[in-house]
Novice: 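My questions will all concern the structure given below.
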Amino acid sequence: MNKKVLRVLVVDDEPDIRELLELTLIKMGLEVVTAGNVGEATARLAREPFDLVLTDMRMPDGEGIEVVQFIADQSLDIPSAIITAYGSTESAVRAMKAGAFDYLSKPISLAQLRTLVKSVLKVEGNGKPLSVERLVGDSAAMLEVRRMVDKLARSQAAVYISGESGTGKEQAARLIHEQSARAERPFVPVNCGAIPENLMESEFFGYRKGAFTGADSERDGFFQQANGGTLFLDEVADLPLAMQVKLLRAIQEKKVRKLGSPQEEAVDVRIICATHKDLATLVEAGQFRQDLYYRLNVLPLRMPPLRELRDDIPRFIGALLDRFATADSRPRLTPDAVKAMLAYNYPGNFRELENILERAIALAGDDKVDVLDLQLTPCAQSDDEQNAEYAGSEPLQDFLDRVEREAILKALDATRFNRTQAAKLLGLTFRSMRYRMDRLGIK
Ligand SMILES: Nc1ncnc2c1ncn2[C@@H]1O[C@H](COP(=O)(O)OP(=O)(O)OP(=O)(O)O)[C@@H](O)[C@H]1O
């Protein structure tokens, strides 16, 4: 289980309110950082990790929504809640649309604040996360994922997790870490796509005081922070080639050198990486180094998209409704809403399912979530005809893979998994069929 102290960023221009929120959150065992305006908040978000952001709406240099928007634009995946003036439903709805998961209206009720924080951070009030089940579901595909996770947790070798966005790659990585012998040491997640290229080396390897202008004290990089534990490289395909060389060296030598330091230091780090892109194709295209690919792809784990886990969807919905429940109520869906949720195609996978429910519960006003609260976009309903139309909401390659996978699965289904006959149905040679099944991970 993850034992780190959870960090909250409180953004408010009124010192009294900042202090009140800070004290309340510290009493709950959380670490609190405060910012007095939008600029200060976004600057901190750009360089430090947070688990939750609470922001006031009106500030001297802009609106709290800009902070929420910044989190979404940078794909920071930090839940945020907005504090609005009394009765200002309009700004609460706007904030929610921008990505906020909840809002508090002034005057702030501390009981409400505690409930909100507990529900989003899953803390008991002592800053320790509750034991939430990381990978829910018991379809055959999900059981296979969990079986693999158990196996991977027993090894020390590098793991490469593939899968579309929002399929739970980070959850799987955390689970592998938590079940491994390194569980008591840190799990350090790094979004490789979010770090400016000129800061990469110092972020990964750290720096000594005076290494560059502004380096006024010594700092550890991700490798040192993860020493003894696991370094999770998310969106690893986004690493620039120059950084790939340095990373490969660090992994091979098990040593890193801080910027400005004459000496290397030994580090003991297990690497787990993930990307929604096809790394093998990037290697072929010369955009990802083959030697690094081999180093990272020792043990592969594929996270299935939600459309391959349809049997699990009711269970996912149930687990999320439990998660969003408060002490005295549990939200529920009307029969029409359930029908719509089961028919939807979820191009954004589990994360989209989660967002849809979270937003719907906030918009519903009471505990009954109706189909309109779900705000499902009709273009993504799961009719095959509609799937065949490219809506531009996902990378073209993902779309093409999806269509190809569906056609192959249909043909296999129609021929009781006889690959020769299925290939004939599709007008493919057996070789080409086998190649495509391998590429798409169809077994
Ligand atoms: N099987 C599952 N059971 C419970 N929660 C899940 C499951 N799969 C995913 N989630 C949840 O879905 C959300 C997205 O998961 P996660 O961040 O791990 O996805 P990801 O594949 O790493 O996404 P990205 O590629 O965008 O980084 C998280 O809130 C996670 O808790």
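FYI, side chains are in, hydrogens and waters are out, and symmetry mates aren't considered; it's all heavy atoms of this structure. Order of listing sets the numbers, starting from 1, for every ligand and every atom in it. Quantities reported herein were computed from a predicted structural model and do not represent experimental measurements.
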Novice: Quick one: salt bridge (Lys or Arg N to Asp or Glu O under 4.0 Å) partners of Arg295, sequence neighbours excluded?
Specialist: none

Novice: Can you label the angle between the Phe316 ring and the Phe350 ring as parallel, tilted or perpendicular, going by 30° and 60°?
Specialist: perpendicular

Novice: List in chain and number order the residues that pass side-chain contact (heavy atoms from CB on, under 4.5 Å) with Ser109, two or more places apart in sequence or in another chain; answer none if no residue qualifies.
Specialist: Ala111, Gln112

Novice: Among residues two or more places apart or on two chains, list those pairs meeting ring pair (Phe, Tyr, Trp, His ring centres under 6.0 Å) that have a residue in residues 136-168.
Specialist: none

Novice: Looking at Tyr293 versus Phe288, is the centre-to-centre ring distance below 6.0 Å?
Specialist: no

Novice: Sort out the contact shell of ligand 1: every protein residue with a heavy-atom distance below 4.0 Å, listed by chain and number.
Specialist: Arg134, Leu135, Val136, Met142, Glu164, Ser165, Gly166, Thr167, Gly168, Lys169, Glu170, Gln171, Asp234, Glu235, Phe316, Phe350, Arg351, Glu354

Novice: Should we say atom CD of Gln156 is surrounded by more than 12 heavy atoms from elsewhere, each under 6.0 Å from it?
Specialist: yes

